[in-house]
Amino acid sequence: MAEAVDYKVIGTSPVRPDGVDKVTGRAQYGADMNLPNMIYGKVLRSPHAHARIKSVDLSKALAMPGVYAAVSGADFPQAQHGEIGGEGGGDVADLAKNIMARDKVLYHGHAVAAVAARSVQLAEAALEAIDVSYEPLPPVLDLDAAMAVDATLLDENCFTKNLPEKPDKPSNIAAVMQLARGDVEAGFADADVIVEGEYRIPMAHQGYIEPHACTASVNEGGQATVWCCTQGHFEFRAMASKVLNMNIADLKFIASEIGGGFGGKTVLYLEPLAILLSQKSHRPVKMTMTREEVFRATGPTSGTHCKVKVGAKKDGTLTAATAWLAYEAGAFAGAPMGPGAMSIFAPYRLDNFHIEALDVLVNKPKVAAYRAPGAPQSMHAMECALDDLARELGMDPIDLRMKNAAEEGTQAPYGPKFPAIGFKACLEAAKQHPHYTRPIPEGAGRGVAAGFWFNVGMQSSAEVHINENGTVTVVEGNPDIGGSRASMCLMAAETLGVTYEQVRTLIGDTESTGFSNVTGGSRTTFATGMAVVQACEDIIAQCKARAAATWGVDEDQVEWEDGQAVPAPGVNADVKPLSLADIAANAARTGGPLLGRASLNAQGAGASFAVNIADVKVDRDTGKVDVLSYTAIQDAGKAIHPAYVEGQMQGGAAQGIGWALNEEYIFNTDGVMENAGFLDYRIPVASDLPMIDTQIIEVPNPSHPYGVRGVGETPIVAPLAVIANAVRAATGLRINDLPFSPPRVLEALDNA
Amino acid sequence: MGAFAYVAPSNLEEALAVLKEHASAGTRAQLLAGGTDLLVQLRSADKTPRTIVDIKKIAETNRIDIGSEEVYIGSAIPSAVLNENTELAALFPGLLEAADLIGSTQIQGRATVGGNLCNASPAGDSIPAMIAAGGVCVIVGAKGTRELPVEDFLTGVGKNALEPGELLLGLKFKRPGPRTADAYLRFIPRTEMDIAVAGCGVSVTLDQNGTCTAARVAIGAVAPTALLVPAAAEALLGSKLDDDALTAAGAACTAASSPISDKRGTVEYRRKVVAVLCRRAAAIARDRAKG
Ligand SMILES: Cc1cc2nc3c(=O)[nH]c(=O)nc-3n(C[C@H](O)[C@H](O)[C@H](O)COP(=O)(O)OP(=O)(O)OC[C@H]3O[C@@H](n4cnc5c(N)ncnc54)[C@H](O)[C@@H]3O)c2cc1C
């Protein structure tokens with residue numbers, strides 16, 4: 001697929017089919033489902049960051065008029081250990097205990113009980129009538145302190161996994177991971193220059209605008225229907241079945257439109273509660289989180305403490321690198337230390353390296369996926385160190401990266417050899433980009449850094465129905481977060497040879513289409529797209545068969561060209577080509593409706609690389625950092641819908657800049673988050689950001705029929721270090737810890 | 001959200017009667033101007049029932065009078081209306097830029113400077129600007145009308161000098177003379193939709209030679225209430241508002257501040273930044289006064 005291909009509709013940027021409903025308020029989001037007799041559920045949350053639950057008494061709440069059901073941990077089946085499966089992974093028992101605490105609360109905001117009542121106000125009043133008796137325990141809030149030998153334990157049964165031998169004592173370190181190659185000592189001995197750095201990054205939230213919401217209705221036969229905002233209704237169904245010990249066949253999940261997820265909506269929180277409350281009350285139950293609940297009780301990404309050491313020859317050739325990466329898991333194991341470790345050195349050719357990563361329990365909310373989970377934190381360390389290295393070597397930072405850039409055939413630190421990848425192409429584009437070649441504005445500083453994400457494949461299903469007039473309905477199972485319906489329509493239109501407007505894509509519920517893993521891992525356009533293309537190819541094969549039958553020729557004497565069946569070259573048949581519309585119109589006479597389908601476990605999700613550039617100005621009196629200009633350059637493989645690819649790049653950059661500048665979970669000494677709202681959890685507002693310039697690079701992914709690489713996650717990886725490196729350029733100071741909030745920057749300036 | 005009743009009296013007498021009734025019964029009445037603070041507070045933990053008394057239908061709270069001696073701004077005038085008033089913008093550029101900082105376009109369609117003042121947040125943006133501009137509160141109650149300088153109106157975090165049964169009718173300012181101008185600056189980590197980490201309002205009058213003959217400096221978000229800082233004004237008086245004078249005024253603001261450390265900024269940071277804002281706001285006011 002290396003040569004450029006001329007496509008008819010792929011590469012155009014039509015308006016998304018779901019767009020009008022979204023901008024006119026017609027689209028149905030998580031909280032928009034209303035049913036007759038519906039009541040409202042609310043969650044009682046722990047006022048302690050760490051405590052043993054001695055008792056939960058629901059009786060007073062249940063006695064209140066208008067309160068129809070109340071549940072606590074005791075109402076759940078025994079939490080069974082087991083793999084959750086899917087993108088995020090983790091333990092089912094942990095998931096179950098995160099949804100509803102059993103014997104212990106492990107963070108402030110942890111659910112301990114839930115009620116359902118006639119109104120939200122009544123439900124809130126009922127929460128106040130629930131008696132919970134706690135035995136408070138000291139909260140473990142600091143990542144380093146959590147790892148100390150004498151630390152208070154969150155889980156007395158937590159024995160560090162992946163050590164050569166099971167440790168004899170439990171600890172808060174849930175797991176460690178090592179990745180190594182070559183001889184690090186020899187590598188550093190070979191180096192002319194060695195740089196080291198130590199970086200801390202606090203927890204950050206995805207900041208999706210739509211809070212979690214669902215409505216569940218369970219009938220007297222035990223069958224449950226759940227409407228919810230999710231990144232993956234099939235995986236939600238699977239998780240709910242495990243947590244509630246229900247038969248998958250009794251669970252139907254319908255995904256609403258989704259107002260942002262970024263990984264955060266791959267995790268089940270409210271749905272099992274709503275199901276239980278509906279079971280008990282015999283009424284549909286709606287549950288909606290407040291913004292405060294979203295912050296306190298859903299998964300942000302890990303706070304981290306990372307150390308990195310990099311050695312290089314005078315000419316910039318990297319000789320060795322080591323990394324030590326500690327990730328906060330929150331209350332239960334499962335920090336993204338694996339991807340963090342696997343990504344940190346991924347863009348570079350490195351013969352000698354050693355990486356150690358740790359998954360550490362702390363009394364904070366259990367982390368969830370957030371765009372390229374784990375990579376922004378670890379790669380921030382490496383990309384800052386490389387910037388320092390470039391300075392020491394007197395080299396251009398892009399040249400230094402180019403000198404060591406991974407390319408086709410390079411063995412990735414995590415094992416496989418890269419097929420065709422676009423890192424060098426991104427670096428070249430950055431070097432030549434007008435942003436990089438123009439003078440740096442007076443008083444400003446310019447930073448660059450690279451980003452990387454693996455991308456995943458996983459399972460997808462798709463069906464393609466040809467309507468009686470030849471228009472096309474694509475049915476697939478991935479909630480549309482970033483415009484994927486439009487991309488599916490484009491790929492189907494391209495494959496079938498019809499126009500974009502003739503294709504509509506709908507997201508089926510768990511009963512109306514085949515299984516698909518979550519919309520996550522930047523997999524949807526790649527993997528579900530591949531299924532859609534294969535289902536269209538199935539249609540084409542059927543069309544050719546029907547044309548052959550119509551014409552009285554063999555199937556292999558028919559070809560599909562520009563949306564119609566034509567006789568193959570050399571076939572002597574005096575027939576008119578048959579378009580999709582012609583074949584559809586005649587379907588009743590040629591075997592019935594046309595239905596194509598495909599299901600697959602997609603392999604070969606191509607890695608996506610990025611290089612970002614930023615100019616920043618620092619107010620030396622206040623410490624405020626202003627981003628003057630920003631450019632994101634990224635390999636998309638093939639941009640099916642370039643405008644939405646740009647949207648992903650811009651959105652990821654905006655989130656990364658926010659994390660770099662102001663976003664952070666601030667906990668008091670009791671483990672209570674002090675900024676659980678958008679006033680003090682400062683995501684950037686539109687006026688905080690310059691126009692984010694984008695350049696899409698296209699080095700096709702050989703594993704996808706149109707060359708697609710996932711593009712959703714890579715964009716958030718580079719911005720952290722880009723900002724840090726630009727601030728370093730502007731001030732001469734390497735500030736190690738994020739975010740670069742004005743007080744932190746001013747303190748650094750004043751101490752310099 | 002707690003339970004509440006809502007009334008919208010159509011004139012001042014009716015409003016005062018409602019307030020008096022609640023004052024004597026000891027029940028809770030709460031005034032509503034734009035509601036941009038009130039509605040948020042209604043969702044908070046304090047669920048005590050109350051009667052909400054909307055002041056937007058009262059003529060006296062909806063007036064702007066620009067006289068030759070005095071300027072009056074009714075307490076129900078939303079910031080968007082203030083900001084469109086070019087005459088006011090020429091007289092009190094600082095006060096208007098403070099009002100223009102409140103929230104966003106949408107918020108400003110409702111938010112009033114009267115509400116900003118009565119809410120008495122230490123970080124209320126229009127308050128230091130009003131103090132600098134010499135604002136005086138016009139207060140009415142059963143006993144009649146009284147006046148109080150803005151700096152004396154604030155009694156603590158979220159507390160003001162209103163007695164039960166009273167309301168803020170509006171704000172009065174002496175019409176500024178020639179070569180007088182004000183300015184307000186706040187510091188926030190973002191560009192908008194944020195709460196001041198520190199704020200400073202400055203008003204100066206210059207003589208023909210550019211020497212400062214009158215000054216008022218007020219600071220916000222660095223003490224339980226916004227404060228008038230006479231020492232900062234003194235540092236400016238008699239000077240040409242050169243760097244030394246501005247630095248001295250800034251230092252006086254730092255000295256007058258008693259900030260707290262919280263999620264929005266540390267004590268140290270706020271003390272430093274309030275001086276920066278004072279220097280910068282005074283320079284802007286100076287340049288405006290020079291015309
Ligand atoms: C999204 C958002 C952003 C914001 N940004 C800012 C900002 O940048 N800077 C800032 O300073 N503030 C900000 N605020 C807070 C608020 O908008 C301002 O304080 C505003 O000026 C309040 O005016 P209001 O008319 O809406 O007051 P209301 O909410 O109507 O009233 C506020 C308080 O004053 C009392 N009150 C009102 N009028 C009278 C009266 N005439 N007599 C006696 N008591 C009265 C009310 O009872 C209430 O206690 C923001 C608020 C929101 C929601």
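Letters A, B, ... are given to chains in the order of the sequence lines, protein chains preceding strands, and every chain is numbered from 1.
Neither the backbone nor the side chain of Ser741(A) comes within less than 4.5 Å of any heavy atom of chain B. In this structure, the portions of Asp621(A) lying under 4.5 Å from any heavy atom of chain B include both its backbone and its side chain. Of the atoms belonging to Gln121(A), it is side-chain heavy atoms, and not backbone ones, that fall under 4.5 Å from chain B. For Lys263(B), the parts sitting under 4.5 Å from any heavy atom of chain A are the backbone and the side chain alike. For Asp619(A), the part sitting under 4.5 Å from any heavy atom of chain B is the side chain, from C-beta outward, and nothing else. In this structure, chain A has a heavy atom under 4.5 Å from the side chain of Arg279(B), while its backbone stays farther away. Only the side chain of Ile666(A) comes within less than 4.5 Å of a heavy atom in chain B; its backbone stays farther off.
The neighbour count for Asp46(B) CG, taken as heavy atoms of other residues, nucleotides or ligands under 6.0 Å away, is above 12. Annotation for Glu268(B): atom CD does not count as buried by contact number, only 12 or fewer foreign heavy atoms lying within 6.0 Å.
Residue with the most contacts toward chain B among Glu664(A), Glu124(A), Lys624(A): Lys624(A) (heavy-atom pairs, distance under 4.5 Å). In terms of non-hydrogen atom pairs under 4.5 Å with chain B, the most contact-rich of Val685(A), Asp680(A), Asn675(A) is Asp680(A).
Aromatic ring pairs are classed by plane angle as parallel below 30°, tilted from 30° to 60° and perpendicular above 60°; the pair Tyr681(A) and Phe295(A) is tilted. Ring geometry, His110(A) versus Tyr107(A): the interplanar angle falls under 30°, so the pair is classed parallel (tilted spans 30 to 60°).
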Exercise. Given the rule in the side-chain hydrogen bond (donor to acceptor under 3.5 Å, both in side chains) test, do Arg28(B) and Thr48(B) qualify, once you have shown the distances and angles that lead to the verdict?
Worked result: CA-CA 8 Å; Arg28(B) 187 165 182 195; Thr48(B) 21; 2.6 Å; yes
Exercise. Tyr184(B) and Asp125(B): side-chain hydrogen bond (donor to acceptor under 3.5 Å, both in side chains), yes or no, with the steps?
Worked result: CA-CA 9 Å; Tyr184(B) 174 76; Asp125(B) 278 307; 2.6 Å; yes
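Ala444(A) approaches Leu628(A) most closely through the heavy-atom pair CB-CD1, 3.8 Å. Heavy atoms only, all atoms of each residue included: Ala198(B) and Leu277(B) are closest at O-CD1, 3.3 Å.
Donor-acceptor pairing under 3.5 Å is recorded for the side chains of Ser104(B) and Gln106(B).
Of the possible donor and acceptor atoms, none in the side chain of Ser239(B) sits under 3.5 Å from a partner among the backbone N and O of Ala245(B).
Residues of residues 743-752 of chain A that come within less than 4.5 angstrom of chain B, heavy atom to heavy atom, are Pro743(A), Leu746(A), Asp750(A) in numerical order.
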